[in-house]
Number of protein chains: 2
Amino acid sequence: MASIKTIAKLAQTSVASVSRVLNNSGYVSADLRAKVQAAIAQTNYQPSSDARVLRGGKSNLVGILLPSIDVQFFGILAHAMEQALFDLGYQSFICSTAESAAHEARYVAMFLSRRVGGVIAASAEAGAAHFAPLRAHGIPIVAVDRDLHGYASDAIVIDHDLGGRMMAQHLIDLGHRTIAVIGAPQHSQSIQRRLAGVRAALAQSGLQPVSEQVGTTHDFAQSYDLASRALANRPTALIGLTDIAAIGTIHAAHDLGLRIPQDLSIIGFDDIPSAAFVLPRLTTVAQPIRHLGRSAAHRLHRLIAGDPQTQTEALPALTLIQRDTTAPPKPA
Amino acid sequence: MASIKTIAKLAQTSVASVSRVLNNSGYVSADLRAKVQAAIAQTNYQPSSDARVLRGGKSNLVGILLPSIDVQFFGILAHAMEQALFDLGYQSFICSTAESAAHEARYVAMFLSRRVGGVIAASAEAGAAHFAPLRAHGIPIVAVDRDLHGYASDAIVIDHDLGGRMMAQHLIDLGHRTIAVIGAPQHSQSIQRRLAGVRAALAQSGLQPVSEQVGTTHDFAQSYDLASRALANRPTALIGLTDIAAIGTIHAAHDLGLRIPQDLSIIGFDDIPSAAFVLPRLTTVAQPIRHLGRSAAHRLHRLIAGDPQTQTEALPALTLIQRDTTAPPKPA
DNA sequence: TTCCCCTATGGTATCGATTACATATTGGTA
DNA sequence: TACCAATATGTAATCGATACCATAGGGGAA
């Protein structure tokens, strides 16, 4: 691969002058500049980031840790972050930890050796010890969709507790009293908090879930199973802690011959694209996924730039989106 | 950040010895090795990849170009590729081109300056000129889900034409004769080929689509619109060139009061997770998405390693998955 | 005893880019 | 005419890690 020397030779000048052309610094005559640019164009030369970083430049690299991007929520989140970061001049390592601590540790080691400027962690892993080395090196960490218990410089998190409350309250307001909850994955902080919110809102009305099924794997199939179990308790309404869980429930209910929403109301959380495109259309609490991603990117950028202004701009509010899966319970 | 010199000083030795410990090369006494390792542990030291690459090592970086990972299909594909590559010792830049040529060119320049060892391109962009510089530098390129017209060293592509045929044939076999087709995005090679396959199969039975709606944006909402238009022609069956298109169609049909599959049969393509979890469950032609990703990763690895063995192992066959959205047309 | 090889360790050039510094050529002004 | 500032270009140190080469002690073979 061509180096700055190659270009210098081609343009019959020194590496210093080539560097000046590359960076638009110092004095370069129009003549020389033209020759250098010609050489660059001719060889498709691109200066090595490695050399630049080594010399003391910023790496413009950031690490993004999340459980896996084949899940809609994280796919959208990752996409939003990557785009925002790219526009800010960064390149991202999007890493799927598969919720394995060993995996996560390997990625962190990689971040260190690649000298990333910062890290965004949206992983669902509960433990955060792997982040200690990053912290020790003063590498800023922004947590998204979860806290990091002291390791993160900042956290972009919606109020999951409130989210849980909103779901429960909507059902309560419709008149439901026999309510079940399902969701996954168990170890996800967000899930736990939403669940806590659900319980709190129910308790406030003197209720508690007639069934609570929290699974380890977060996909349609497991959600279907969880829902089947929960429906055995004959709730009039079911809360899915994620849209995936809620959609799994739609199927379980359908297979049991229950009509939605006449026999069973269902509410989800997230508002992933599929939520509006299942039948019946899913009522859900929408969280601003892309906004979350962009916020995290900008926050990290500010931290990397050393901007002291740490004030958190507010995230858009959670909103209840009423579609076709919730209704008052049918009179007994 | 600590460097090899820091470690050498801490362990009271030379950088050469530290390097020997790091790489398990040459001679190092047990004593010294222990001291060095202690210093490394103490500082959380990780050798700089930049320096290693600069010195002449491999970068172990690969670029992955795709339209966007917030689309299920590409999210899953990207996930499979990233995991496989990570296991092979590579780190991936997953880049969403948003199907913009300018974007793509910027990413390619970045790949060059980062000295990636190879590139996997799954972008839907039709033009491939941006890849010329990569090619010029001898950087291997593997195309996934599309050809790259001479720029790629290899292409991992299923037989989209066959896929199109399978969809059409299934409907023909059921007795349908009035068949519409919708899909997006228009400029995607895969879409074009599937469409060609559909037309070919129909033609073989003396038929042609009663409506053909190909849109630019690939999401549920636009698919809904395309379907609404296509259904105006009163087909008894509709082919969605992707599952997204098919699912959009389910909704459009539903809103028109059509029963599925009694009044309208629908078939999709891809078998994304949502396909099995819509109501009614979508009949579709499944392509081995994750397998595609893993294959591409391994192929690229072999190319980077300079393995001459270029034989392509076969991909799993496309399979028709019959669920609940297709049935014989009702007698007229 | 001498020589050589194995073990152990350190010094230093090198990769590609940036940049401080040195050098050289102008032109304008006192 | 002498001098300084602005312009233009080159030389070399530097970043972190690797690897080649040099140095040196110790043990076995001749």
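Every chain is numbered from 1, with letters handed out A, B, ... down the list of sequences.
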Could you tell me how far apart [X] ([atom1]) and [N] ([atom2]) are, to the nearest whole angstrom?
| X | N | atom1 | atom2 | answer |
| --- | --- | --- | --- | --- |
| B/I4 | D/dG16 | CD1 | P | 10 Å |
| B/Q46 | D/dA17 | CD | P | 10 Å |
| A/L22 | C/dT19 | CG | P | 11 Å |
| A/I40 | C/dA17 | CD1 | C1' | 13 Å |
| A/N24 | D/dA8 | CG | P | 14 Å |
| B/L54 | D/dA19 | CG | P | 13 Å |
| A/R114 | D/dA17 | CZ | P | 13 Å |
| A/K9 | C/dA17 | NZ | P | 13 Å |

- Geometric class of the B/F93/A/F93 ring pair [parallel <30°, tilted 30-60°, perpendicular >60°]: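 Plane angle under 30°, so parallel.
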N/O (side chain, [X]) to phosphate O (OP1/OP2, [N]) under 4.0 Å:
| X | N | answer |
| --- | --- | --- |
| B/S48 | D/dG16 | no |
| B/K5 | D/dA17 | no |
| A/S17 | D/dG10 | yes |
| B/R115 | C/dA17 | yes |

- Select from A/N23 and B/T13 the residue whose nearest nucleotide in DNA chain C is closer to the 5' end of that strand. B/T13
- Item | Residue whose nearest DNA chain C nucleotide is more 5′ - A/M1 or A/R20 | A/M1
- Given C/dG11, D/dA17, C/dG16, the nucleotide with the shortest approach to the side chain of B/A51: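 The closest nucleotide is D/dA17.
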Nearest heavy-atom neighbours spanning [X] and [Y]:
| X | Y | value |
| --- | --- | --- |
| B/L61 | B/R114 | CD2-O, 3.7 Å |
| B/A122 | B/F74 | O-CE2, 3.5 Å |
| A/S153 | A/R135 | OG-NH1, 3.8 Å |

- Item | Stretch residues 25-38 of chain A: residues that reach within less than 4.0 Å of DNA chain D through a heavy atom |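 Going residue by residue through residues 25-38 of chain A, the ones with a heavy atom under 4.0 Å of DNA chain D turn out to be A/Y27, A/V28, A/S29, A/L32.
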- Message: Contact between A/E82 and B/S96 at the side-chain level, heavy atoms closer than 4.5 Å - yes or no?
- Response: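 They are in contact (side-chain heavy atoms under 4.5 Å apart), so the answer is yes.
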- Are a donor atom and an acceptor atom from the side chains of B/S49 and B/R52 found within less than 3.5 Å of each other?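 The criterion, which ignores hydrogens and geometry beyond distance, is not satisfied for B/R52 and B/S49.
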- Message: Under the criterion ring-ring contact (aromatic ring centres under 6.0 Å, His included), I'd like the reasoning laid out for B/F86 against A/H103: C-alpha separation, chi angles, the key distance, then a yes or no.
- Response: CA-CA 10 Å; B/F86 191 69; A/H103 240 69; 5.8 Å; yes
